[in-house]
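The residues of the chain are indexed from 1 along the displayed sequence.
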Amino acid sequence: MKILRVIKWRMDELFFASARLLFRQRKGGGVILLVRTDGIGDFVFFSRYLSSLRKAFVGHKLALVCRTETAELAGKIHALDAVIGFRSLAYRWNYLYRLYVLHTIRSLRPDVAIYCTYHRMHVGDEMTLLSGAGRTIAMSG
């Protein structure tokens, strides 16, 4: 099992390095991208801050990237203008699906990408860094 983890880790490094060359920074389209890779419970706690984010970024659209389990709930919140759901396991193991999700994120043309999770994972870091946003923000947990 350990050898599979090492191979997967090397494949992810190769993918990320090549994607950084292909996915350059893009001119923003007035979108603030919020990245959440955790579950429904953490999203419920986070959702109370969305109105504050809406006030802080007046004139911008708020878009959320989250797991598909959370996307349906997030779609009912009026503070969000767009919700992109992703399947966590498919994103980790299927590189074509990963490219599709990254393309969907980049099509929003975010000005700022915020990875607003204290316990970060490489999936969220990758989405934030490859979003094409001119400015990326994440916590150091």
Side-chain angles (χ1 to χ4, degrees), residues 1-2 4-141:
M1 230 25 202
K2 186 176 179 177
L4 285 176
R5 284 190 190 137
V6 171
I7 292 170
K8 174 72 171 91
W9 182 66
R10 293 291 182 196
M11 291 290 293
D12 285 345
E13 279 186 340
L14 180 64
F15 176 84
F16 184 71
S18 60
R20 288 285 291 196
L21 294 174
L22 297 173
F23 292 110
R24 300 269 183 211
Q25 182 179 341
R26 301 179 75 175
K27 184 173 178 157
V31 174
I32 306 301
L33 180 70
L34 306 171
V35 178
R36 299 284 309 186
T37 56
D38 46 15
I40 294 173
D42 291 323
F43 175 75
V44 169
F45 287 120
F46 166 75
S47 64
R48 65 179 156 187
Y49 300 109
L50 288 172
S51 60
S52 298
L53 286 169
R54 171 62 71 194
K55 290 176 188 172
F57 294 106
V58 175
H60 288 84
K61 294 179 181 177
L62 286 182
L64 175 73
V65 176
C66 61
R67 292 183 179 193
T68 52
E69 303 89 41
T70 311
E72 185 178 342
L73 176 64
K76 298 182 188 295
I77 296 176
H78 298 293
L80 296 170
D81 297 306
V83 176
I84 298 172
F86 72 95
R87 295 185 320 273
S88 184
L89 233 83
Y91 187 90
R92 286 185 190 160
W93 291 97
N94 186 337
Y95 292 101
L96 290 177
Y97 179 72
R98 188 182 292 194
L99 286 172
Y100 167 74
V101 172
L102 291 172
H103 172 72
T104 305
I105 291 170
R106 290 178 61 80
S107 68
L108 295 172
R109 295 186 16 233
D111 291 322
V112 178
I114 304 172
Y115 185 19
C116 37
T117 304
Y118 183 74
H119 299 288
R120 293 176 18 212
M121 299 184 334
H122 75 282
V123 170
D125 284 337
E126 184 175 275
M127 288 178 182
T128 305
L129 292 172
L130 297 179
S131 68
R135 190 165 158 209
T136 56
I137 302 167
M139 294 183 161
S140 177

| said: Does the structure place the NZ or CZ of Arg87 under 6.0 Å from the centre of the six-membered ring of Tyr97, at an angle of no more than 45° from the ring's axis? | reply: yes

Nearest heavy-atom approach of Leu34 to Phe46 is CD1-CZ, 4.3 Å

Quick one: [atom1] on [X] to [atom2] on [Y], what's the gap to the nearest 0.5 Å?
X: Leu99; Y: Leu130; atom1: CG; atom2: CG; result: 9.5 Å
X: Ile114; Y: Arg135; atom1: CD1; atom2: CZ; result: 8.0 Å
X: Tyr115; Y: Thr117; atom1: OH; atom2: OG1; result: 4.5 Å
X: Met121; Y: Glu126; atom1: CE; atom2: CD; result: 11.0 Å

Just list the side-chain donor-acceptor pairs under 3.5 Å for residues 62-74, sequence neighbours left out, or say none.
unit_1, atom_1, unit_2, atom_2, d
Arg67, NE, Thr37, O, 2.9
Arg67, NH2, Thr37, O, 3.3

Val31 and Arg109, any side-chain heavy atoms less than 4.5 Å apart:
no

With a 4.5 Å cut-off on side-chain heavy atoms, are Val123 and Asp125 touching? no

| side chain to side chain contact (heavy atoms under 4.5 Å, CB included) between Leu50 and Leu80: does it pass, once the steps are laid out? | CA-CA 8 Å; Leu50 288 172; Leu80 296 170; 4.0 Å; yes

Contacts satisfying salt bridge (Lys or Arg N to Asp or Glu O under 4.0 Å) that involve residues 29-38 (not counting sequence neighbours) are Arg36-Asp38

Side chain to side chain contact (heavy atoms under 4.5 Å, CB included), that's the test. Do Leu53 and Ile32 meet it? Break it down for me. CA-CA 9 Å; Leu53 286 169; Ile32 306 301; over 6 Å; no

So ring pair (Phe, Tyr, Trp, His ring centres under 6.0 Å) across residues 68-89, not counting sequence neighbours, yields Phe86-Tyr91

Residues pairing under side-chain hydrogen bond (donor to acceptor under 3.5 Å, both in side chains) where one sits in residues 40-65, two or more places apart or in two chains, turn out to be Arg54-Asp81

Taken in chain and number order and not counting sequence neighbours, the residues that satisfy side chain to side chain donor-acceptor pair (under 3.5 Å) with Asp111 are none

For Tyr95, the side-chain contact (heavy atoms from CB on, under 4.5 Å) test, sequence neighbours excluded, returns Lys8, Met11, Asp12, Phe15, Arg98

